[in-house]
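Structure first, then comments.
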Amino acid sequence: MRKSTFNLFNISTLLLFIVLLSSCRGDLPKYYFIVDGEDYELNNGYIINNGEVDGGFDIDLQLTSSDGTNFVSFGIVSKQAESITSKTYSKYDGMWVTGYKSSGNYGNMAKISSGSLVIDRKSDGYTIELEGKDQYGNEVEIYFKGNLSITDKNNVVHIIPDYVIPEEIYDDVEKYFPIHSGINIPNIGGQYVSSPHILVYQSDSNNPDSVIFYSDRYVGFNGSNGQMNFYGKQYDPEQDKDIEEIFYNVKITGDNGLFTCYYVVDGYPNGYYAQQSFLYSGRKTDEGLEDFHTAVILLETSGHPNLPPKNTFRVLKDQDGIAYSNNWLSKSPSQKRGSSCSDEDLFKMWMK
């Protein structure tokens, strides 16, 4: 009889321990990092591009608390400047910091010396996980899910990378769209209009070289502190409205007055994933942008039949040979509000 009582006591104690342990784990923040059993909340995520390196771009991935006092950071090489490829990263420069102050002082810090950094990028954002140890042997665990804000410290690139113009279609694109390279870029800051704005090549058409006239295409570029921003506007007759765009940290390459610039955009038109690159080329002159061309490439799709095939591309240009300077932004109040087009409108720009 005493033995049965003893067993019941042990079982009760074990159940109580499990309840307490579960309760402690339930107190974890939704997204967090844990160091030696101490947990810290993660609220925000950032991609910081530090410029080109061998193999791609030098990226800092930072996950931080809401006030920035506690964070984890990983230096990795990414093939893309604007996003991080889904992958398990075994090579990175990782660290955790707690109690950080704007003066540069901090409470504690250590390098993350082991553990695979697992990054999974999907339509609802990134999932980032790690289980490893720091340089002092402390257990480190990280879990974060959400979108990552993008910061770029250098808009100049040596060449157009493969993820903007895929290698398998590069030669075909170059036949119709001038591709320039170099780091002695011209100052293309200003506002311009391509008029008449015409389609000169459509890769998925039965008559790819057929010329189609579109509404005037307004573009603008400005930049400061190593950044360059793009502004665009075009009238959509189907919706009887102007579609307007703003994209930050646009990349540019070129030499001897010639330039090619680009940005890459993810969107979900009608709920279906699509990724596009937009490119602009020309020569800066006193009148505007000479030999002005636009290319739009569909890089990735969900495979939905309503979407064009992957690697489909279109090339448009100014028929008269120059996109003249035009002070159109001062007449576009929505741009002053810093608005940007929706996924639906963005995908329509594929047609223009």
Side-chain angles (χ1 to χ4, degrees), residues 51-52 152-160 164-165 173-201 211-235 242-264 277-297 313-336 338 340-341 349 352:
E52 285 185 288
D152 208 320
K153 294 185 177 180
N154 187 0
N155 66 284
V156 179
V157 296
H158 289 75
I159 60 174
I160 302 297
V164 176
I165 305 179
V173 173
E174 194 173 27
K175 291 177 184 177
Y176 304 95
F177 177 80
I179 303 173
H180 307 298
S181 61
I183 57 173
N184 299 310
I185 60 171
N187 178 8
I188 65 171
Q191 304 163 46
Y192 315 94
V193 57
S194 176
S195 177
H197 188 61
I198 61 171
L199 175 74
V200 295
Y201 188 79
V211 173
I212 301 176
F213 283 76
Y214 283 117
S215 306
D216 291 351
R217 184 76 162 103
Y218 294 85
V219 297
F221 303 94
N222 70 19
S224 61
N225 299 322
Q227 313 296 305
M228 187 170 74
N229 305 324
F230 169 83
Y231 303 83
K233 182 179 76 170
Q234 190 167 25
Y235 176 71
D242 288 331
I243 298 176
E244 303 189 8
E245 314 147 85
I246 304 175
F247 293 101
Y248 303 101
N249 304 317
V250 173
K251 296 286 185 299
I252 184 170
T253 182
D255 196 5
N256 196 29
L258 299 167
F259 74 92
T260 300
C261 61
Y262 68 87
Y263 53 90
V264 178
S277 60
F278 291 78
L279 302 99
Y280 304 91
S281 274
R283 179 191 295 273
K284 181 70 168 69
T285 70
D286 292 338
E287 293 182 303
L289 302 178
E290 186 179 275
D291 198 27
F292 179 73
H293 282 70
T294 299
V296 187
I297 302 172
F313 70 93
R314 299 168 184 254
V315 177
L316 304 99
K317 61 178 289 187
D318 183 288
Q319 187 186 40
D320 296 338
I322 186 167
Y324 286 97
S325 297
N326 181 288
N327 191 30
W328 65 271
L329 274 172
S330 62
K331 306 170 185 177
S332 184
S334 64
Q335 292 290 356
K336 293 181 180 179
S340 185
C341 56
M349 297 306 299
K352 308 292 178 65

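Computed from a prediction, not measured in an experiment: that's the story for all the values here.
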Return the minimal non-hydrogen interatomic distance between [X] and [Y], and the atom names on each side.
{"X": "S195", "Y": "D320", "value": "O-OD2, 3.4 Å"}
{"X": "E52", "Y": "I159", "value": "OE2-N, 4.5 Å"}
{"X": "V250", "Y": "N229", "value": "CG2-C, 4.3 Å"}

N-O pairing of R217 and E245 below 4.0 Å
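Between E245 and R217 there is a salt bridge, with a charged N closer than 4.0 Å to a carboxylate O.
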Kindly indicate, with the supporting measurements, whether the criterion side-chain contact (heavy atoms from CB on, under 4.5 Å) is fulfilled by H293 and V315.
CA-CA 7 Å; H293 282 70; V315 177; 4.1 Å; yes
Please report the interatomic distance [atom1]([X]) to [atom2]([Y]), rounded to the nearest 0.5 Å.
{"X": "Y201", "Y": "F177", "atom1": "OH", "atom2": "CZ", "answer": "15.0 Å"}
{"X": "N222", "Y": "F230", "atom1": "CG", "atom2": "CZ", "answer": "11.5 Å"}
{"X": "I243", "Y": "S215", "atom1": "CD1", "atom2": "OG", "answer": "9.0 Å"}
{"X": "I160", "Y": "S281", "atom1": "CD1", "atom2": "OG", "answer": "7.0 Å"}
{"X": "Y248", "Y": "N155", "atom1": "OH", "atom2": "CG", "answer": "15.0 Å"}
{"X": "D216", "Y": "N326", "atom1": "CG", "atom2": "CG", "answer": "9.0 Å"}

Decide yes or no for [X] and [Y]: does some side-chain heavy atom of the first lie under 4.5 Å from some side-chain heavy atom of the second?
{"X": "L199", "Y": "Y214", "value": "yes"}
{"X": "Y231", "Y": "V219", "value": "no"}
{"X": "Y280", "Y": "L289", "value": "no"}

Evaluate the criterion side-chain contact (heavy atoms from CB on, under 4.5 Å) for residue pair N249 and M228; output intermediate values, then yes/no.
CA-CA 5 Å; N249 304 317; M228 187 170 74; over 6 Å; no
Can you spot which of I297, I179, V264, V296 makes a side-chain contact (heavy atoms from CB on, under 4.5 Å) with L279?
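For L279, the side-chain contact (heavy atoms from CB on, under 4.5 Å) check succeeds only for I297.
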Listed pairs under 3.5 Å, donor-acceptor, residues 180-191 side chains, sequence neighbours left out:
{"unit_1": "N187", "atom_1": "OD1", "unit_2": "G189", "atom_2": "N", "d": "3.0"}
{"unit_1": "Q191", "atom_1": "OE1", "unit_2": "W328", "atom_2": "N", "d": "3.1"}
{"unit_1": "Q191", "atom_1": "OE1", "unit_2": "L329", "atom_2": "N", "d": "2.8"}
{"unit_1": "Q191", "atom_1": "NE2", "unit_2": "N327", "atom_2": "OD1", "d": "3.3"}

Aromatic plane relationship, F278 with F247 - under 30° parallel, 30 to 60° tilted, over 60° perpendicular:
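Parallel: the ring planes of F247 and F278 meet at under 30°.
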Any idea how F221 and F259 line up, ring-wise: parallel (<30°), tilted (30 to 60°), or perpendicular (>60°)?
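Plane angle over 60°, so perpendicular.
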Is the backbone of [Y] close enough, under 3.5 Å, to the side chain of [X] for a donor and an acceptor to pair up by distance?
{"X": "S325", "Y": "Y192", "result": "no"}
{"X": "R283", "Y": "N256", "result": "yes"}
{"X": "S194", "Y": "H197", "result": "no"}

One pair to check against side-chain contact (heavy atoms from CB on, under 4.5 Å): E244 and Y218. What are the steps and the verdict?
CA-CA 9 Å; E244 303 189 8; Y218 294 85; over 6 Å; no
Any salt bridge (Lys or Arg N to Asp or Glu O under 4.0 Å) pairs touching residues 181-192, not counting sequence neighbours?
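Sorted pair list comes back empty.
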Any chance you could lay out the side-chain hydrogen bond (donor to acceptor under 3.5 Å, both in side chains) test for T260 and T253, step after step, and finish with the verdict?
CA-CA 5 Å; T260 300; T253 182; over 6 Å; no
